[in-house]
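Below is one structure, written out as structure tokens, with a few remarks after it.
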Amino acid sequence: MAVTAPARIGLGTAVLVATAVIATIFNDLKPILPVGEMSSDAFIYVLPLLVLGLLRVPGRVEIPVLPVVLAIALLVVIVAGITLNYDAIARAYFKGRSGMSRVITQVMSLSFGLLVALLFFNLARMNQLSAISRGARIALAIMAGVGLLELASWSLIPGLTQIHEALGQVIHASSGVAYAQRLRMTAFEVSWAGVMLSFLFPFGMVTLGRGAWRTALYVALVLVLVVLSQSRTALLVIVCQAGIFAWFSLRHRVDYLLHATTLALLAVTALLVSPGPRDAIVTRLSNMVEYGSLSGPDADEGSENLSNVTRLAGIRAGMEMFREHPVAGIGFGQYGFNFPAHLQAEDFRSWEVRKYVTDAEEDWPPAFSLHVRLLAETGILGYGIWMLLLGLPLIRSLRACDMTTLVGRGHVAVAMTLSGWMLLGLSIDTARFFGGWIALGVGLALPVPARQGKGALLQRSIDIDSPAEVR
């Protein structure tokens with residue numbers, strides 16, 4: 001089973017595809033364009049070149065019908081929400097931003113994501129899945145290399161520390177080189193390092209090969225990077241993704257499943273009978289779950305994790321907004337303006353919350369959850385359409401997963417990434433997760449076995465002549 005190619009595509013475009021994937025790991029650059037949060041992302045500067053490369057290919061630009069209908073429906077709900085809340089949005093002003101300017105930048109971000117999905121839908125139809133996979137592995141290698149330099153800087157190793165500091169002046173030009181001893185690699189913070197890995201990890205394995213040791217080393221590298229980042233959400237997502245990969249790899253090999261289960265039970269037994277290692281591991285895991293750090297709470301915070309207090313305050317505020325405007329929400333991009341009015345007195349014991357409500361501080365109040373933000377800003381209508389937009393391709397790919405073919409492995413990567421996106425959205429606002437948009441486009445483009453006729457509905461498309469074809 002192969003992806004049908006509507007036109008031949010040159011090596012230069014394949015290189016551009018891989019370059020665009022690599023660019024997704026840099027989101028802390030010095031802003032150049034006035035496009036809101038996206039201005040620090042390298043991806044937005046590479047994408048126009050990729051679009052031009054696609055338009056130069058003779059053939060047709062395809063548009064998937066049902067996803068586009070869902071996207072239009074989502075935009076209609078967003079416009080309705082803005083209209084219903086226009087007076088409040090027009091008066092909103094906080095931290096130097098107006099309500100309408102926030103609407104514009106957020107709609108721009110969403111439209112950009114939809115454009116990315118459409119672009120990679122066409123690229124996947126042009127047999128570029130292998131180029132995407134190669135780009136993902138190169139990007140992962142770059143993140144690991146930068147992470148190694150970052151580890152060396154923690155110990156002030158001469159030479160490597162200076163290299164990391166010099167490199168950080170470029171890849172961390174927006175937030176600065178100084179950071180806590182948690183591995184963020186090329187991202188602006190550790191949570192987003194986990195977001196990036198949740199895309200690179202699945203797609204890098206599509207053309208990795210089927211050698212058991214190669215796969216084991218690849219998975220081990222990703223797990224080490226996530227553990228060193230000390231991001232609880234990222235660790236949960238990567239472990240769940242590894243479980244999906246293991247299931248589709250081993251579901252027809254009962255012997256392997258039995259061996260793996262036996263080894264896991266032996267490892268657990270060995271830990272239980274060894275008090276020292278057992279207590280050390282349990283303590284570190286408890287610290288990771290409760291405090292987001294292997295070493296436990298900071299001395300300044302006492303026994304309470306103020307990060308948890310901040311996250312709970314943000315999520316609770318968003319749910320209160322949704323309760324007040326359940327149908328179409330408070331208006332797209334308006335969460336931050338409504339955040340201070342929906343806090344409780346106990347939330348102010350967190351210095352982060354106090355920073356977010358102080359007009360003099362530039363930090364914008366984060367929603368800490370994509371699901372909560374969409375419920376608050378677009379209501380149940382917008383959230384329902386969003387879940388259909390991601391959920392239908394996810395189900396389609398889960399039904400088409402097959403580790404014995406390239407396209408089948410592509411479906412595994414799509415299923416891993418989209419499920420990871422949904423999990424990440426529980427505690428991170430990941431609307432501008434370019435890897436997720438890429439996976440959405442690829443998942444819609446990959447064919448499904450003939451017996452799964454229902455999945456073909458998502459792949460129906462209309463064709464538009466490209467400029468090269470018109471000429």
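For the side chain to side chain contact (heavy atoms under 4.5 Å, CB included) criterion with F434, the lone passing option out of D41, I25, V195, V21 is D41. No option in L375, L74, L381 other than L74 meets the side chain to side chain contact (heavy atoms under 4.5 Å, CB included) test with W386. The side chain to side chain contact (heavy atoms under 4.5 Å, CB included) test with L123 is passed by exactly one of L129, V17, L16: V17.
Across all non-hydrogen atoms, the minimal contact from V68 to P64 is CG2-O, 3.0 Å. The nearest pair of heavy atoms linking K95 to D363 is CE-O, 2.9 Å. Here the shortest heavy-atom pairing between V190 and Y179 reads N-OH, 3.2 Å. Annotation for N27 and A187: closest pair OD1-CA, 3.4 Å, computed over non-hydrogen atoms. Taking all atoms of both residues into account, the shortest heavy-atom contact from G135 to I22 is O-CG1, 3.5 Å. In terms of heavy-atom proximity, N85 sits nearest to G329 at ND2-O, 3.0 Å.
Between atom OG of residue S40 and atom NE2 of residue H172 there is a gap of 12.0 Å, rounded to the nearest 0.5 Å. Here the straight-line distance linking atom CD of E352 with atom CZ of F368 works out to 6.0 Å at 0.5 Å rounding. We find the CG-CE distance between L70 and M387 to be 12.5 Å, quoted to the nearest 0.5 Å. Distance check, rounded to the nearest 0.5 Å: OG1 of T233 to CG of L426 gives 8.0 Å. Note that the CZ atom of F203 and the CD1 atom of I132 stand 6.5 Å from one another [nearest 0.5 Å]. To the nearest 0.5 angstrom, L418 atom CG is 11.5 Å from L423 atom CG.
Ring-plane geometry between F337 and W364 is classed as perpendicular, the angle between the planes exceeding 60 degrees on a 0 to 90 degree scale with a lower cut at 30.
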Q: Assess whether side-chain contact (heavy atoms from CB on, under 4.5 Å) is satisfied between R184 and D28, documenting all intermediate values.
A: CA-CA 11 Å; R184 62 171 173 165; D28 200 15; 3.7 Å; yes

(Q) Run the side-chain contact (heavy atoms from CB on, under 4.5 Å) test on T358 and K355 for me, step by step, so that the C-alpha distance in whole Å, both residues' side-chain angles and the decisive distance to 0.1 Å come before the verdict. (A) CA-CA 5 Å; T358 303; K355 177 181 67 174; 5.7 Å; no

Q.
The test is side-chain contact (heavy atoms from CB on, under 4.5 Å); show your working for E320 and R316 and say whether it passes.
A. CA-CA 6 Å; E320 184 66 18; R316 190 164 50 201; 6.0 Å; no

Q: Kindly indicate, with the supporting measurements, whether the criterion side-chain contact (heavy atoms from CB on, under 4.5 Å) is fulfilled by R373 and Y383.
A: CA-CA 9 Å; R373 180 192 161 199; Y383 180 72; over 6 Å; no

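Put simply, the side chain of E189 does not reach to within 4.5 Å of the side chain of R182, judged on heavy atoms. The shortest distance between side-chain heavy atoms of L312 and N308 does not fall below 4.5 Å. For the pair M143 and V146, the minimum side-chain heavy-atom distance is 4.5 Å or more. Counting heavy atoms from C-beta outward, P393 and L440 have side chains that approach closer than 4.5 Å. Considering only heavy atoms from C-beta on, W421 stays 4.5 Å or farther from L394 through its side chain. Side chains of V237 and S419 form no contact here, defined as non-hydrogen atoms less than 4.5 Å apart. Side chains of V412 and M205 form no contact here, defined as non-hydrogen atoms less than 4.5 Å apart. No side-chain heavy atom of R399 sits less than 4.5 Å from a side-chain heavy atom of V448.
Distance alone, capped at 3.5 Å, places no donor-acceptor pair between the D429 side chain and the A367 backbone. In this structure, the side chain of Q241 engages the main chain of S198 through a donor-acceptor pair within 3.5 Å. Not a single donor-acceptor pair under 3.5 Å links the side chain of T24 to the backbone N or O of A20. S369 contributes a side-chain N or O that, together with a main-chain N or O of G425, makes up a donor-acceptor pair within less than 3.5 Å. Formation of a donor-acceptor pair under 3.5 Å by the H342 side chain with backbone atoms of G314 is not found in this model. For R432 (side chain) and S109 (main-chain N/O), no donor-acceptor pair under 3.5 Å exists by modelled atom type. Judged purely by atom type and a 3.5 angstrom limit, Y218 has no side-chain atom pairing as donor or acceptor with the backbone of R137. Checked by atom type and distance alone, the side chain of Y335 never pairs as donor or acceptor with a backbone atom of L374 at under 3.5 Å. A donor-acceptor pair under 3.5 Å is formed between the side chain of Y45 and the backbone N or O of I32.
Cation-pi geometry between R409 and F245 is not met: the NZ or CZ atom fails to fall both under 6.0 Å from the ring centre and inside 45° of the normal.
Remark: the S130 side chain and the T207 side chain contain no N/O donor-acceptor pair separated by less than 3.5 Å.
Within 6.0 Å of CZ in F348 there are more than 12 heavy atoms belonging to other residues, nucleotides or ligands.
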